[in-house]
Number of protein chains: 2
Amino acid sequence: MRIGRLAERTGVSRRLLRYYEEQGLITSSRALNGYREYKESHVDVVLQIKGLLDAGLPTRIIQQLLPCLDKPQTIYVPNVTPEMIVTLQHEQARLSERIESLTRNRDAIADYLDTVLSVKSANTERRATS
Amino acid sequence: MRIGRLAERTGVSRRLLRYYEEQGLITSSRALNGYREYKESHVDVVLQIKGLLDAGLPTRIIQQLLPCLDKPQTIYVPNVTPEMIVTLQHEQARLSERIESLTRNRDAIADYLDTVLSVKSANTERRATS
DNA sequence: CTTGACCTTCACATCAATGTGAGTGTTTAA
DNA sequence: TTAAACACTCACATTGATGTGAAGGTCAAG
């Protein structure tokens, strides 16, 4: 698969795919003519990257994360440094905080919408029965 | 309260507080000498802004959100346009997506850490009993 | 009255994530 | 065989969230 197709299937621009590669998030093999060649599995990886970026993680963290999130997970974990574990634990905590904050705010919006919409429908009913 | 104190109490730099004001996220009154003056309630607002920004929302969305998230909520909702409602519903959906993505990834990290740590402890035990 | 700790504005710097376009080569299909 | 569509690299532009520093005003304490 070439870059255009991958872009099409992931909704990530060619430019960004090259950027991700530059940032070490994905790799590609090259055809004889120099064109990037991707495998089917790249689709999922790119979607995952997209999700993480969209969730607000910077590329340098994603870069550390990716090898760990890769399924199928090798049970035999070779080169995991203690610093890496600390980093992951730290990032896990940050994710939890983020999730909490987002959830709080989403719920607040939900409450607000509930209120607004119920008032609106009450008005509609009042108009209908007047 | 002046800007330095607010910065200190929220963990948000003076520079950013001014930036938030410039972006219309907060307001301040001015003392005779031109210094910004904040009320106690600004602490919570700033923390909320910080949370939303940290969650990846851009200031222009936060600006729309803030009046709605404001507690105590006026039950009497005056100037809420249909577009506003649509924006909020849209943003609510985006928040949910984000939350989902973050949760998925956090759990993946958790799984990974579990695996790694259990292998590590198994090794430790093995060493201890050999 | 001076020094230090505040505050002001203004402006330039940076970093990450993107867009855009130029200049050039390659593949595909009419 | 030529045009359209795609690829390549390189490079400059932009936007958003920040940092940093300059040049200057205010104020409290020694």
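First the proteins, then the strands, lettered A, B, ... as listed; each starts at 1.
Going from atom CZ of A:Arg60 over to atom P of C:dA16 covers 7 Å, rounded to whole Å. Atom OH of B:Tyr19 and atom C1' of C:dA11 are 16 Å apart (whole Å).
B:Arg18 comes within 4.0 angstrom of a base, heavy atoms only.
Here B:Glu91 pairs with B:Arg94 in a salt bridge; the nearest charged N to carboxylate O distance falls below 4.0 Å.
A 4.0 Å heavy-atom criterion places the boundary nucleotides of DNA chain D facing chain A at D:dC6 to D:dA11, written 5' to 3'.
Partners of B:Arg5 according to the salt bridge (charged side-chain N to carboxylate O under 4.0 Å, His left out) rule, which considers only residues two or more places apart in sequence or in another chain, are B:Glu8. Applying the salt bridge (charged side-chain N to carboxylate O under 4.0 Å, His left out) test to B:Arg60 and every residue at least two apart in sequence or in another chain returns nothing. Under the side chain to side chain donor-acceptor pair (under 3.5 Å) criterion, B:Ser96 pairs with A:Arg106, sequence neighbours left out. Taking B:Arg2 as the reference, nothing meets the salt bridge (charged side-chain N to carboxylate O under 4.0 Å, His left out) condition, with sequence neighbours excluded. Checked against salt bridge (charged side-chain N to carboxylate O under 4.0 Å, His left out), A:Glu100 has the following partners two or more places apart in sequence or in another chain: A:Arg104. Evaluation of the side chain to side chain donor-acceptor pair (under 3.5 Å) rule for B:Ser28 yields B:Glu21 as partners, not counting sequence neighbours. Applying the side chain to side chain donor-acceptor pair (under 3.5 Å) criterion to B:Glu40, with sequence neighbours excluded, gives B:Arg9.
When all heavy atoms are compared, the tightest approach of A:Ser13 to A:Ala7 is C-CB, 4.2 Å. Taking each heavy atom of B:Asn105 and B:Ser101 in turn, the nearest pair found is ND2-O, 2.8 Å. Closest heavy-atom contact between A:Val46 and A:Val12: CG1-CG2, 3.7 Å.
Proximity of residues 5-15 of chain B to DNA chain D (heavy atom under 4.0 angstrom from any strand atom) is restricted to B:Ser13, B:Arg15. Of the residues in residues 21-43 of chain A, those placing a heavy atom less than 4.0 Å from an atom of DNA chain D are A:Arg30, A:Gly34, A:Tyr35, A:Arg36, in numerical order.
Between the side chain of A:Lys50 and the backbone N or O of A:Thr10 there is at least one donor-acceptor pair closer than 3.5 Å.
Rounded to 10 degrees, the angle separating the terminal axes of the helix from C:dC1-D:dG30 to C:dA30-D:dT1 is 0°, with each axis obtained from five end pairs.
Among residue pairs with one or both ends in residues 18-41 of chain B, those qualifying as ring-ring contact (aromatic ring centres under 6.0 Å, His included) are B:Tyr38-B:His42; sequence neighbours excluded.
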